Amino acid sequence: MREVKSFCRFCMPFCGTRVTLDDDGHLVSVRGDKQDPMNHGYTCIKGVQAPATYSAPDRILTPIKRAEDGSFHPIDVEQALDEIAERLRVIIDRHGGESVGAFRGSGGSINASAVPILPALLESIGSHKFFTTMTIDQSAKVVTVERLGRWGAPSHPIRDSDIRLLVGVNPLVGMASVGVDLTNPGKTLKDAKARGMKLIVIDPRKTETARLADIFLQPYPGEDPTIMAGLIHIILAEGWEDKDFCARHVAGMDTLAAMVAPFDPDYVASRAGVSTSDLHATAALFARDSKRGTASTGTGPSMAPHSNLAEHLVEILNVICGRFQRAGEQVPNPGFLRPRYPRRAQVVAPARNWENGFRSRVGNYGMLAGEMMSGILCDEILQPGDGQIRALFVHGANLASVMPDQQKTIRAIKSLDIMVAIEPFMNDTARMSDYVFPGKLGYERADLTIFKYESLYSRPYARYGAPIASPPENSQLVDDWEVFWGLAKRLGLPLEYDGVALDMSEKPTTDSLLAIIARHAPMSWEDFKNCELGAFAEEPQYVEPGDPDAPDRFAVAPADIVDELREVRETAPEHGRYRSEGKHYTHLMVSRRLPEVVNSCHRNVPAIRKRVPQNFAYLHPDELARLGVVAGDMVSLTSDHGSIPAAVAPDTTLRRGIVSIAHGWGSLPGETIYERDGSNTGLLISTDRNLETINAQPRMSAVPVNIAAAPQHTRTSSKRLESL
Ligand SMILES: Nc1nc2c(c(=O)[nH]1)N[C@H]1C(S)=C(S)[C@@H](COP(=O)(O)OP(=O)(O)OC[C@H]3O[C@@H](n4cnc5c(=O)[nH]c(N)nc54)[C@H](O)[C@@H]3O)O[C@H]1N2
Ligand SMILES: Nc1nc2c(c(=O)[nH]1)N[C@H]1C(S)=C(S)[C@@H](COP(=O)(O)OP(=O)(O)OC[C@H]3O[C@@H](n4cnc5c(=O)[nH]c(N)nc54)[C@H](O)[C@@H]3O)O[C@H]1N2
Ligand code: SF4
Ligand SMILES: [Mo]
C-alpha cells in the first residue's frame, strides 16, 4: 500500500487528493489533501467513492464492437480503428466531409490531452459538425459577448468585491461558476462574506448558496429578463449607474432606458412573484451601495425561455455599473497554461460572428466559438440531403440520456450509418454505439488541470497529474486522443493540435501532447511536472490603459434585444395556468444539480445510490398536500411533449408552483424501470419548437408541466425518502 498525491477528475475543480493504492496499483481509498493550495482538503462523495467508480461492474475493459444481433464483442484497438477508418473513407468519398459529426460532453472536456484533437480531426475532414454540451448549457454567455461586446480586462474578482449577484447558479453544488472561485466556492464565498462582501441570490429554490445570501429573491423561473429589466429600470431612474463609464464606453443608453421603461417595479414584482421592496433593495445594494463586484448566472437563466436576452440583461448590470478592472489593477489570473495577452481597459466591440461564415442547413444557425448548435444535432442527423450527418463520434458524453427530446435522439442515433463512442462505461449511449473505445479514467492517465477554462481559477494555477493507478486487470484501455490520432493517421489527414501541426509519422505520447498545451507556461515542462501540488505563475500582470481614441462601445440595446424584450413584455404568463401548444399547465419544471452525481454519472456506485436512488420530483410540502400525495408517492409529470413517472419528495426550499428534478436519469425509452433508473426529463422537452434564436438553446427550464398522482397510489420502495 502507498499513498500518492494527485487530483480528482470527476468535475471541474479537480480537487487535490491523497490516493491510497494497493500493491497492484489499484485504488483503495481517496481523501482530500489539506495541503492542497487550491481546495485545502475539500472533497465530495463522488471523489471519495472513486475506487467504486473505477471498478464499477459496467466499466468497459476493452474496445467493443456491436454485432448485427445487438450483442457486443471485444475487438483489438488497431483492428477497430482499421474498420472504422475504412467505413469513414467510404462515407466521406460518397457524401463529403460534412457527413461526419461529433458530440462532445463533460467527459471529453475534462480530459486535457483529448480536448484539442477531436475538433482538429473534424477540421481536417472538412466538417463543421462539431457539437458539444456547451450549446445546451450556457452558450448564452458566448452570444452575449458577441452581441454586447466585452471589456478588454477582467471583471472585478471576488477577492476585492463588495457585492456578488448570483442568478440561477448554485456554486456550492455545481462547482463550475463564473464569478466565484472554481475550487472550494463555499470557502471562497464564506471568506468574502466574513470580510464584508454582500451576496444576492435570485433562484426559485433557496439553494445551498442562497442560504448565505443577504438578499434572496425567489421568483418564478423564466422571469429573469423581466427582473433584470426591472433592476435596470430602477438603477437608471435613480441615477445609480456609473455615468462616467457609460458616457465613455456605452452606446445606446437612451434606447436602453426606453426599452426597460415599461418594466416598472410594481409590474415586475407582480409578474415575477417577488416583492417591490426586495427589487429596490437588490438594485440599491448592487448599484448604489457597492462599488466593486459583478452579477453572473449559471444554468438556470441559460436554459429558460429568452435565455440570451436574460444573459444580456444580467451583463448590462455589470456594464452600466462599470464593474471591470481599470488600468493599473492586477489581473487575478493572467493564465498559466494559456498564453498571456495584454489586458486593456477598453471595450472590445461586439463582433456578432454568428452572422458570418458557415450556417447550418437546419434552422440556418451560425457558429458559436467554432461549434454548431446541439439543439439541432438530431435534425442534422435525421434530415436527408447534402450535409446530413451519417457518422458520429460521441466523446465523453451520454448523448442518449442528456439530450433534450430523448425519443428524437434515439431515432437519430439509430438512423446513423456508424456511431463511435469513446466512453469508459456501458451507459445508454455506449449500448447504442457500433464501436466503443474505453478510455482511461483520471488517476490512470497523464493529465492537466482545466486549461480551456483556466481563468475560472482565482489564481494562475495549473497542475500535472501523472498516471498513478493501474488500469483494471485484463483491460485494453486507450487514452482518448489515440482514437482520433489513429483515425487521422489511417485517413492520411494532418492534425493541428492546439495550434501545432502534429508529426503524423510518429505516434505522440500523452505527455508530448500535454507538453504542447503547456508550451506557454512560465516554466519548463520538466520543472512543471515536478511541482507536486501544481504551480503558480509568479509574474504579475497589470491592466494596461485603454486607447483614449478607441471607438468601440458596449452595444447595450441592439435592435434584436429591443424587439425580444418587447415580446417578453407583451406575453406575460398566467401563473398556475401556463399555455403551451394550445394546452394549459399548472407548474414549471426546473433542473437542479445533485451533489452526489454529475449529470448521468456515478449512479453505478452503491454508496451513492443509497443516497440518491432516483431523481425525485421535488415539490414544496404544501404542493404535496394539495396533490394529496406524500413523500415516495408516484406522480406523472406531463408536458406538451411527453410524460414521465416520478416519486415525489418534499422540499421546503422551493417556491410553490414549481417542480425541481435532475436530468440525466432514466434509461432508454421502453427499457426504463423507474425503481432502477429514475426518469429522463428530456422526454418532456421538445427540440422541434421553443429553440432560442442564435444558439438554438432548447427550453430546458421553466418547462410547463402538469402533475397528477399515479393511479392506485403507487409508491417507490426507496427507503431514502423516509428520512426526508
Ligand atoms: N454535483 C454536481 N456538480 C455538477 C454537475 C452535477 O450534475 N452534479 N453538473 C455540472 C454541469 S454540467 C454544470 S453546467 C454545472 C451547472 O452548475 P449550476 O448552473 O450552478 O447548476 P444548478 O446547481 O442546477 O443551479 C441552477 C440553479 O438555477 C435555478 N433555476 C432554474 N431555472 C431558473 C430560472 O429560470 N431563473 C433563475 N434565476 N434560476 C433558475 C435552479 O433552481 C438551480 O438552483 O454544474 C456542474 N457540476
Ligand atoms: N433536461 C436537462 N438536460 C440537460 C441539462 C439540464 O439541466 N436539464 N444539463 C445539460 C448540461 S449543462 C450538460 S453539460 C449535459 C451533460 O451531458 P454529458 O456531458 O453527456 O453528461 P455526463 O453524464 O456528464 O456524461 C459524461 C460522460 O463522459 C464519460 N467520461 C467520464 N470521464 C471520461 C473521460 O475521461 N473520457 C471519456 N471519453 N469519457 C469520460 C462518463 O462516463 C459519461 O458517460 O446535459 C445537458 N442536459
Ligand atoms: S468536487 Fe468534483 S473534483 Fe472535487 S472531489 Fe468532488 S467530484 Fe472530485
Ligand atoms: Mo453543463
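First listed ligand is number 1; within each ligand, the first listed atom is number 1. On a predicted model such as this, the values are computed, not experimentally measured, just so you know.
- The line from OG of Ser106 to CE of Met12 is 9.5 Å long, rounded to the nearest 0.5 Å.
- With a heavy-atom cut-off of 4.0 Å, Phe7 does not touch ligand 3 at all.
- The protein heavy atom nearest to atom 44 (O) of ligand 1 is Asp203 OD2, 2.6 Å.
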task = Could you walk me through whether Arg592 and Ser660 pass side chain to side chain donor-acceptor pair (under 3.5 Å), step by step?
result = CA-CA 6 Å; Arg592 75 195 288 150; Ser660 165; 2.9 Å; yes
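- Nearest-residue assignment for atom 16 (C) of ligand 1 (options Met700, Arg593, Met134; heavy-atom criterion): Arg593.
- Residue contacts with ligand 2 for Ser600 involve both N, CA, C or O and side-chain atoms from C-beta outward (heavy atoms, distance under 4.0 Å).
- You'll find the side chain of Leu81 reaches within 4.5 Å of the side chain of Phe437, heavy atoms only.
- If you check which protein heavy atom lies closest to atom 46 (C) of ligand 1, you get Gly174 O, 3.2 Å.
- The option with the heavy atom closest to atom 30 (N) of ligand 1, from among Pro171, Gly298, Gly300, is Gly300.
- Relative orientation of the Tyr54 and Phe10 rings is perpendicular, given thresholds of 30° and 60° on the angle between their planes.
- For the pair Pro204 and ligand 1, a heavy-atom separation below 4.0 Å is found.
- Among the backbone and side-chain atoms of Cys15, no N/O/S atom is found under 2.8 Å from atom 6 (Fe) of ligand 3.
- For atom 20 (O) of ligand 1, the closest non-hydrogen atom on the protein side is Asn170 N, 2.8 Å.
- With salt bridges taken as basic N to acidic carboxylate O contacts below 4.0 Å, one links Asp36 and Arg463.
- The protein atom (non-hydrogen) at minimum distance from atom 2 (C) of ligand 1 is Val597 O, 3.3 Å.
- Proximity of Pro472 to Leu477: side-chain heavy atoms (C-beta onward) are separated by under 4.5 Å at one or more points.
- Geometrically, Arg9 engages Tyr443 in a cation-pi contact defined by less than 6.0 Å to the ring centre and at most 45° from the axis.
- Using modelled atom types and a 3.5 Å distance limit, the side chains of Thr135 and Asn695 yield no donor-acceptor pair.
- Not a single heavy atom of Gly664 lies less than 4.0 angstrom from ligand 2.
- Against a heavy-atom cut-off of under 4.0 Å, Lys46 is close to the following atoms of ligand 3: 7 (S).
- Ion pair Arg104/Glu371 not flagged as a salt bridge, since none of the NZ, NE, NH1 or NH2 atoms sits closer than 4.0 Å to an Asp/Glu carboxylate oxygen.
- Considering Met426, Lys440, Arg445 only, the shortest heavy-atom separation from atom 35 (O) of ligand 2 involves Arg445.
- In the candidate list Val173, Asp224, Thr297, Asn599, Asp224 is nearest to atom 34 (C) of ligand 1, counting heavy atoms.
- The shell of residues lying under 4.0 angstrom from ligand 2, judged by heavy atoms, includes Pro424.
- Under a 4.0 Å criterion applied to the non-hydrogen atoms of Ile422, ligand 2 contributes the atoms 37 (C), 38 (N), 39 (N).
- In terms of polar-atom proximity, Asn398 is counted as a contact of ligand 2, with an N or O under 3.5 Å from an N or O of the ligand.
- Heavy-atom separations between Ser660 and ligand 1 are all 4.0 Å or longer.
- Within the 4.0 Å heavy-atom criterion, both parts of Ile136, backbone and side chain, lie near ligand 2.
- Among the atoms of Thr299, none of the N or O lies under 3.5 angstrom from an N or O of ligand 2.
- Remark: Glu444 engages Arg59 in a salt bridge, criterion side-chain N to carboxylate O under 4.0 Å.
- Scanning the protein for heavy atoms near atom 14 (S) of ligand 1, the closest one is Asp137 OD2, 3.0 Å.
- With atom 27 (C) of ligand 2 as the reference point, the heavy atom nearest to it among Gly396, Ala662, Gly442 is part of Gly396.
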